Amino acid sequence: MQHVFIIDPLERLDPTHDTSVALMEAACTLGHRVWVTTMESLSLVGGEVWAWLTPIVVFPTTLDGGRWQVRSPWYELGGGFFGSLTPMQTVWMRPDPPVTSAYLFATYLLDYLDPKTTRVINSPKGLRAANEKVYAMQFRDLIPQTIVTARREQILDFLQNRERVVMKPLDGKGGEGILLLRRDDPNLNSLMELATHRGTTPVMVQEFLPAIKDGDKRVLLFAGQPLAAINRVPQSGEFRGNMAAGGRAIAATITPRDREICASLAPILQFDGLYFVGIDIIGGYLTEVNVTSPTGIREMDRFDGTRLGEQIMAQISSQDF
Ligand SMILES: Nc1ncnc2c1ncn2[C@@H]1O[C@H](COP(=O)(O)OP(=O)(O)O)[C@@H](O)[C@H]1O
Ligand SMILES: [Mg+2]
């Protein structure tokens, strides 16, 4: 099989943490061929999608005392060339969010790949359809009480019978810009103005889930099926569980409730071509559907002794999705 990974520059990737590296490593281990490229080089030439393609071999990692051991450098590159993506079976669209206009434009170019022969994970249409925060709003029975609005009055109304709520930018990631609002906070008005850019940009406002003290669970799904889970526990004095905000990853199992959530999402994810997705669950409530560059494989493999990347690659090889 031949895979292209559209990623951020390699030097920014952490081979002991980044899921893109785990996936590339898995493909190499299984004898697939892998090329890397970045969004900027994507082009349309004669109606075909082309890019600057650099062959890569990612060396195998090992686990030693619960830590990933990687060779330094952890990959070897071959000579790059400007070539067509048409012969590829899989194109992995995995630059880190936020979704910028450059990111959106890349999805428009990827629309020109024939999905019958080249599968883009995740599908460009799905990536455009699914804002990571707002997408969860369609699963009314699974999410905590939530509104999306730029209107100060609506936010205050939502705060009316609640002591505290969480306010989130719609294009955030890694806990960036997540705020806890309290009715009696002297900065309340200012925080709303800042977050909504003076009432012009909608934000998500959600009931505060005290269960966050026990963690924010990440479940990774491939083709609608839950693969594995980890829990991320906020550090003391913090309510954000994101690893990027200092949250501690610990082992977790997939509970019947998690399975119920995944089963509700699965048909809609499949319809939207969202094959590889990471959902966030706090206290049994769905809070986020991460579609742009979901992560967690390295931590899950570390805790569970699995090789999820190889599992996914094997499923792709057998066209079983
Ligand atoms: N409703 C909520 N109640 C309590 N904590 C929350 C809530 N929503 C989010 N958080 C905290 O904020 C973090 C980030 O929220 P999330 O919606 O996953 O956005 P992102 O991960 O994209 O920044 C979560 O890991 C969690 O710790
Ligand atoms: Mg999250």
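Heavy atoms only: backbone and side chains are in, while hydrogens, waters and symmetry mates are out. Read the numbers this way: they start at 1 and go in the same order the structure lists the ligands and their atoms. Predicted, not measured: the structure shown is a model, and the values here were computed from it.
Taking every heavy atom of Asp280 and a limit of under 4.0 angstrom, the matching atoms of ligand 1 come to 18 (O). Interface atoms of ligand 1 facing Lys133, defined by a heavy-atom separation under 4.0 Å, are 17 (O), 19 (O), 20 (P), 22 (O). Listed by number with element, the atoms of ligand 1 under 4.0 Å from a non-hydrogen atom of Arg240 are 12 (O), 27 (O).
Looking at Asp280 and the Mg ion (ligand 2) together, the shortest N, O or S contact belongs to OD2. The atom name of the N/O/S atom in Glu288 closest to the Mg ion (ligand 2) is OE1.
Contacts between Phe239 and ligand 1, counted as non-hydrogen atom pairs separated by less than 4.0 Å, involve both the backbone and the side chain. Here Lys168 has side-chain heavy atoms under 4.0 Å from ligand 1, and that is the only part of it that gets that close.
At least one cation-pi condition fails for Arg162 and Phe208: the charged atom is not both under 6.0 angstrom from the six-membered ring centre and inside a 45 degree cone around its axis.
Residues Met204 and Met167 are not in side-chain contact: their nearest non-hydrogen atoms beyond the backbone lie 4.5 Å or more apart. Counting heavy atoms from C-beta outward, Val205 and Thr146 have side chains that stay 4.5 Å or more apart. Contact annotation: the side chain of Ile297 never approaches that of Thr295 to less than 4.5 Å [non-hydrogen atoms, C-beta and beyond].
In terms of protein heavy atoms, atom 3 (N) of ligand 1 is closest to Leu209 N, 2.8 Å. Considering only non-hydrogen protein atoms, atom 12 (O) of ligand 1 sits nearest to Ile178 CG2, 3.7 Å. In this structure, atom 10 (N) of ligand 1 lies nearest to the protein heavy atom Ile282 CD1, 3.9 Å. Shortest contact from atom 25 (O) of ligand 1 to any protein heavy atom: Asp216 OD2, 2.4 Å. Of the protein's non-hydrogen atoms, the one nearest atom 18 (O) of ligand 1 is Glu288 OE1, 2.8 Å. Scanning the protein for heavy atoms near atom 21 (O) of ligand 1, the closest one is Asn242 ND2, 2.7 Å. Considering only non-hydrogen protein atoms, atom 23 (O) of ligand 1 sits nearest to Gly175 N, 2.6 Å. Nearest to atom 26 (C) of ligand 1 among the protein's heavy atoms is Ile212 CD1, 3.5 Å.
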Dump the intermediate steps for side-chain hydrogen bond (donor to acceptor under 3.5 Å, both in side chains) on Gln206 and Thr287, then the final yes or no. CA-CA 9 Å; Gln206 193 163 69; Thr287 56; 5.4 Å; no
Apply side-chain hydrogen bond (donor to acceptor under 3.5 Å, both in side chains) to the pair Asn231 and Arg218, showing each step before the final yes or no. CA-CA 6 Å; Asn231 199 10; Arg218 160 63 52 88; over 6 Å; no
Run the numbers on Asp280 and Arg232 for salt bridge (charged side-chain N to carboxylate O under 4.0 Å, His left out), then give the verdict. CA-CA 10 Å; Asp280 291 345; Arg232 294 152 306 167; 3.0 Å; yes
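Contact between Glu207 and ligand 1 is present, with at least one heavy atom of the residue lying under 4.0 Å from the ligand. For Pro144, the heavy-atom gap to ligand 1 stays at 4.0 angstrom or more.
Distance NZ/Lys217 to OG1/Thr255: 4.0 Å, rounded to 0.5 Å. Between the CD1 atom in Ile56 and the CD1 atom in Ile7 there is a gap of 6.0 Å [rounded to 0.5 Å].
At least one N or O atom of Gln206, backbone or side chain, sits closer than 3.5 Å to an N or O atom of ligand 1.
Here Trp52 and Phe82 keep their ring centres 6.0 angstrom or further from each other.
Between His3 and His32, the ring planes lie parallel to each other; the angle is under 30°, not in the 30° to 60° tilted range.
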